[in-house]
Amino acid sequence: NKRRSVITISSIFFAVFFSVVMRSFQLGSYDHMIRNIIESFSGYLQIQHPDFKDDPVVDNAFTYSESLMQTVNENSAIKAAVPRLESFALASTGEKSKGALIVGIDTEMEKSFSKPQERIVKYIVSDEAIEMLKTNENISKTLIDKLKVIQGKAYASRGRLEVDLSLEDGEPGSLDEIMQACAYESGFLGHQDDGALISYRLAKYLKLSIGDTLILMGQGYHGSTAAGLFPVRGIVTIPSPDLDSRLIYISLQRAQQFFSVPNMITSLSINLWDNDDDVIEDVKVALMAELDASDFIVHDWKTLNKNLVQQIEGDNISGQFMLYFLYFIIFFGIYGTVIMLMHERKKEFGVLVSIGMQRRRLAALFSLEMLLVGLVGIVAGLIASSPVIAYYHQHPLHLSGDMAKMMEDMGLEAILPFAWFGSYMWVQGLIVVCMVVIASGRSVYKIFRLREVAAMRA
């Protein structure tokens, strides 16, 4: 019965397809959160003064030495480690002022860690750029409408702007003109630079551009006054909207001078080759064994970012609840097709048993048949979900409107990427196999309780 087989396989196919796609969406969102805030900024581990976490002031800084870096770099699991001096100050220009996070960085070492040089703003879709393009005959009205959707956004690469514009086959010829109109000249910090890199949203709020002077006022070592003028060398776009609205980079030497803490840092941020929880814990324990506990403490990213952990855990619980609800619906779909199959073949089974086929062999044959049908549905579901996952991993969903605003208020970039292929796909397939086995259990029981005469009259 081809129709019956197609219905059964379709039930299993959709079960696998939707569960895999939903789980990929969940895991991709979590990975995006972590990479936005952890891997691209704070690091998976940080070495700090024991009191700095609860009292993050420069008084709780510690001396930065080559021996400390050597101890860290000897661990093969560590990908990169960079010194930082972090504190808060009031950023001001003209009549505008705002509290900002000041991060003193080693500009050369940071290039292999958070890679701020790759986030330098190269294009801004400004009002002036759109007005200029409106007068260009090569730019269609449709393309102008697309530009209005991303109006005010800053981009560090040509590719990202091209993706957001979703250019069609007939439009790529005008891309160069758009890039030229939206181009923005921005620089980077030198090793001993006295200037600053300012995040895009903060620069927009303070109405700063390249060459303007930024005033910083804060508290230095042991209550001393920290004040200085910093020319804006460049503007960077940070994936996390929360950081993008308050982050200022200055060179490490200039930060030590500004806060009056020569040769001192507040943290040594560490990224790992593998971000598995067990690996992070092993590296943390190994570093603590090498360092003096009275002078240093090693924190993992979960300790330093409790709000992010709570957001992920809360979303994961609600996501798993939705997934279980989906499994519940899917199970009864599979169960219904199995019952239909059993009733349609009841007479067939009665005939087989009446001519001498053993019930256990019939039950084994039925179970094997269901398992094969299930495997066909599972493999088809995995194959069908693969291009969806691959596409949305490379081209994340870009949110707009109230949903985008809600995510940005939570400190997250308003995009929804899918997770790349991984073990979660096989886990979903295994769960569906279990559902097929459970759904087949009642039919196997019915085979053992089968009455031949009644079955042949069915």
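Only this structure's heavy atoms are used, side chains among them; waters, hydrogens and symmetry mates stay out. Nothing fancy with the numbering, it's 1 onward along the sequence.
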Student: With a sphere of 6.0 Å drawn around CH2 of W420, does it hold more than 12 non-hydrogen atoms of other residues, nucleotides or ligands?
Tutor: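 It does: W420 CH2 has more than 12 such atoms within range.
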
Student: Using the rule given for side chain to side chain donor-acceptor pair (under 3.5 Å), can you reason through S24 versus Y424, listing the C-alpha separation, both sets of side-chain angles and the distance that settles it, and then say yes or no?
Tutor: CA-CA 8 Å; S24 175; Y424 70 91; 3.2 Å; yes

Student: Working to the nearest 0.5 Å, report the span between CG of D193 and OH of Y249.
Tutor: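 One gets 15.5 Å once the value is rounded to the nearest 0.5 Å.
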
Student: About how many Å separate OH of Y123 and OG of S186, when rounded to the nearest 0.5 Å?
Tutor: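 S186 OG to Y123 OH: 12.5 Å, rounded to 0.5 Å.
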
Student: Between K284 and D300 (salt bridge meaning N to carboxylate O under 4.0 Å), is one present in this structure?
Tutor: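 The answer is yes: the pair qualifies as a salt bridge.
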
Student: Check step by step if salt bridge (Lys or Arg N to Asp or Glu O under 4.0 Å) holds for D277 and K302.
Tutor: CA-CA 10 Å; D277 288 343; K302 292 183 178 180; 3.0 Å; yes

Student: Do L247 and I102 come within less than 4.5 Å of each other through their side chains, counting heavy atoms only?
Tutor: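 No, every pair of side-chain atoms sits at 4.5 Å or beyond.
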
Student: Which distance, rounded to the nearest 0.5 Å, do you find between the OH of Y200 and the OG1 of T237?
Tutor: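 These two atoms lie 8.5 Å from each other.
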
Student: For A181 versus A129, what's the shortest heavy-atom pair and its separation?
Tutor: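 For A181 and A129, the tightest heavy-atom pair comes out as O-CB, 3.5 Å.
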
Student: Might you confirm whether atom NZ of K98 has over 12 heavy atoms from other residues, nucleotides or ligands at distances under 6.0 Å?
Tutor: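 Yes, NZ of K98 has more than 12 neighbouring heavy atoms, counting only those of other groups under 6.0 Å.
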
Student: Between M370 and V338, does a side chain to side chain contact (heavy atoms under 4.5 Å, CB included) hold up when you go through it step by step?
Tutor: CA-CA 8 Å; M370 283 304 304; V338 172; 3.5 Å; yes

Student: Step by step, work out the side chain to side chain contact (heavy atoms under 4.5 Å, CB included) result for Q46 and L304.
Tutor: CA-CA 9 Å; Q46 280 194 13; L304 297 172; 3.7 Å; yes

Student: Would you say that L229 contacts T213 through its side chain, given a criterion of any heavy-atom pair below 4.5 Å between the two side chains?
Tutor: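 Of all side-chain heavy-atom pairs linking T213 with L229, at least one is under 4.5 Å.
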
Student: Charged N to carboxylate O below 4.0 Å: is that the case for R84 and D106?
Tutor: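 No.
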
Student: Backbone N or O of S92 within a donor-acceptor pair of the S97 side chain at under 3.5 Å?
Tutor: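 Side chain of S97 to backbone of S92, a donor-acceptor pair under 3.5 Å: no, none is there.
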
Student: Has K122 got its NZ or CZ under 6.0 Å from the middle of the six-membered ring of Y155, at an angle within 45 degrees of the ring axis?
Tutor: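 No cation-pi geometry.
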
Student: Side chains of L45 and I280, heavy atoms from C-beta outward: is any pair under 4.5 Å?
Tutor: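 Touching, per the 4.5 Å side-chain cut-off.
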
Student: Is the shortest side-chain heavy-atom distance between M435 and V432 below 4.5 Å?
Tutor: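 Yes, side chains in contact.
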
Student: Write down the atom of A196, the atom of I250, and the distance for their closest heavy-atom approach.
Tutor: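 Taking every non-hydrogen atom into account, CB-CG2, 3.8 Å.
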
Student: Under the criterion side chain to side chain contact (heavy atoms under 4.5 Å, CB included), I'd like the reasoning laid out for I47 against I297: C-alpha separation, chi angles, the key distance, then a yes or no.
Tutor: CA-CA 6 Å; I47 299 175; I297 189 170; over 6 Å; no

Student: Does a side-chain heavy-atom distance below 4.5 Å link V57 with S87?
Tutor: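 They are not in contact (no side-chain heavy atoms under 4.5 Å apart), so the answer is no.
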
Student: Show your reasoning for whether side chain to side chain contact (heavy atoms under 4.5 Å, CB included) applies to L268 and V82.
Tutor: CA-CA 6 Å; L268 190 64; V82 295; 5.8 Å; no

Student: For the atom pair OG1 (T93) and CZ (F230), what is the distance rounded to the nearest 0.5 Å?
Tutor: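 Rounded to the nearest 0.5 Å, the OG1-CZ separation comes out at 14.0 Å.
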
Student: Between CG of L90 and CD of Q219, what distance do you get to the nearest 0.5 Å?
Tutor: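 Between L90 CG and Q219 CD, I get 13.5 Å after rounding to 0.5 Å.
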
Student: Tell me whether the centres of the aromatic rings in F325 and F321 are closer together than 6.0 Å.
Tutor: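 Ring-ring flag for F325/F321: false, centres at least 6.0 Å apart.
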
Student: Taking the side chain as C-beta and beyond, is there a heavy-atom pair between Q48 and V298 under 4.5 Å?
Tutor: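 Q48 does not reach V298 side chain to side chain.
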
Student: Hey, does the side chain of H49 reach the backbone of A61 with a donor-acceptor pair shorter than 3.5 angstrom?
Tutor: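 Between the backbone of A61 and the side chain of H49 there is no qualifying donor-acceptor contact (under 3.5 Å).
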
Student: Decide if atom CD of Q320 counts as having more than 12 heavy atoms of other residues, nucleotides or ligands within a radius under 6.0 Å.
Tutor: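 Correct, the count exceeds 12.
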
Student: Centres of the F62 and F296 rings: under 6.0 Å?
Tutor: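 Yes, ring centres under 6.0 Å apart.
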
Student: Taking atom CE as the centre, does M217 end up with more than 12 heavy-atom neighbours from other residues, nucleotides or ligands that are less than 6.0 angstrom away?
Tutor: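 Counting neighbours around CE of M217, 12 or fewer heavy atoms of other residues, nucleotides or ligands fall under 6.0 Å, so no.
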
Student: Salt bridge check, D194 against R233: does any charged N sit closer than 4.0 Å to a carboxylate O?
Tutor: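 Looking at R233 and D194, the cut-off is met.
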
Student: Atom CG in L368, atom OG in S440: separation rounded to 0.5 Å?
Tutor: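 Spacing of CG (L368) from OG (S440) equals 11.0 Å.
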
Student: Evaluate the side-chain proximity of L272 to K79: yes if any heavy-atom separation is below 4.5 Å, no if none is.
Tutor: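 Not touching, per the 4.5 Å side-chain cut-off.
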
Student: Which atom names give the shortest non-hydrogen contact between A100 and L202, and what distance separates them?
Tutor: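 Closest approach of A100 to L202: CB-CD2, 4.1 Å.
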
Student: Mark yes or no for whether H395, through its side chain, and Y391, through its backbone, hold a donor-acceptor pair below 3.5 Å.
Tutor: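 Here the side-chain-to-backbone pair exists.
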
Student: Of all the heavy-atom pairs spanning F421 and A390, show the shortest one and how long it is.
Tutor: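 Heavy atoms of F421 and A390 come nearest at CZ-CB, 4.0 Å.
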
Student: For M322, look at atom CE and say whether over 12 heavy atoms of other residues, nucleotides or ligands are found less than 6.0 Å away.
Tutor: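 For M322, atom CE is not crowded (no more than 12 foreign heavy atoms under 6.0 Å).
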
Student: One pair to check against ring-ring contact (aromatic ring centres under 6.0 Å, His included): Y392 and F25. What are the steps and the verdict?
Tutor: CA-CA 9 Å; Y392 285 110; F25 174 76; 9.4 Å; no

Student: Would you check if I210 and Y184 make a side-chain contact, meaning some heavy-atom pair closer than 4.5 Å?
Tutor: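 They are in side-chain contact.
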
Student: Taking all non-hydrogen atoms of both residues into account, name the closest pair between S385 and V21 and its distance.
Tutor: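 Taking every non-hydrogen atom into account, CB-CG2, 4.0 Å.
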
Student: I need the single residue from V373, L375, I12 that forms a side-chain contact (heavy atoms from CB on, under 4.5 Å) with V436. Which is it?
Tutor: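 Going through V373, L375, I12 one by one, the side-chain contact (heavy atoms from CB on, under 4.5 Å) with V436 is satisfied by I12 alone.
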
Student: Might you point out which heavy atoms bring D51 and N60 nearest each other, and give the distance in Å?
Tutor: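 Reported closest heavy-atom pair: O-ND2, 3.5 Å.
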
Student: Around atom CD of Q151, are there more than 12 heavy atoms from other residues, nucleotides or ligands closer than 6.0 Å?
Tutor: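 Above 12, so yes.
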
Student: Parallel, tilted or perpendicular: which fits the ring planes of F328 and F332, with parallel below 30° and perpendicular above 60°?
Tutor: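 The rings of F328 and F332 stand perpendicular, inter-plane angle above 60°.
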
Student: Mark yes when over 12 heavy atoms from residues, nucleotides or ligands other than K111 sit less than 6.0 Å from its NZ; otherwise mark no.
Tutor: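 Yes, the 6.0 Å shell around NZ holds more than 12 heavy atoms from other groups.
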
Student: Are the side chain of D212 and the backbone of L208 linked by a donor-acceptor contact shorter than 3.5 Å?
Tutor: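 Side chain of D212 to backbone of L208: no pair is present.
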
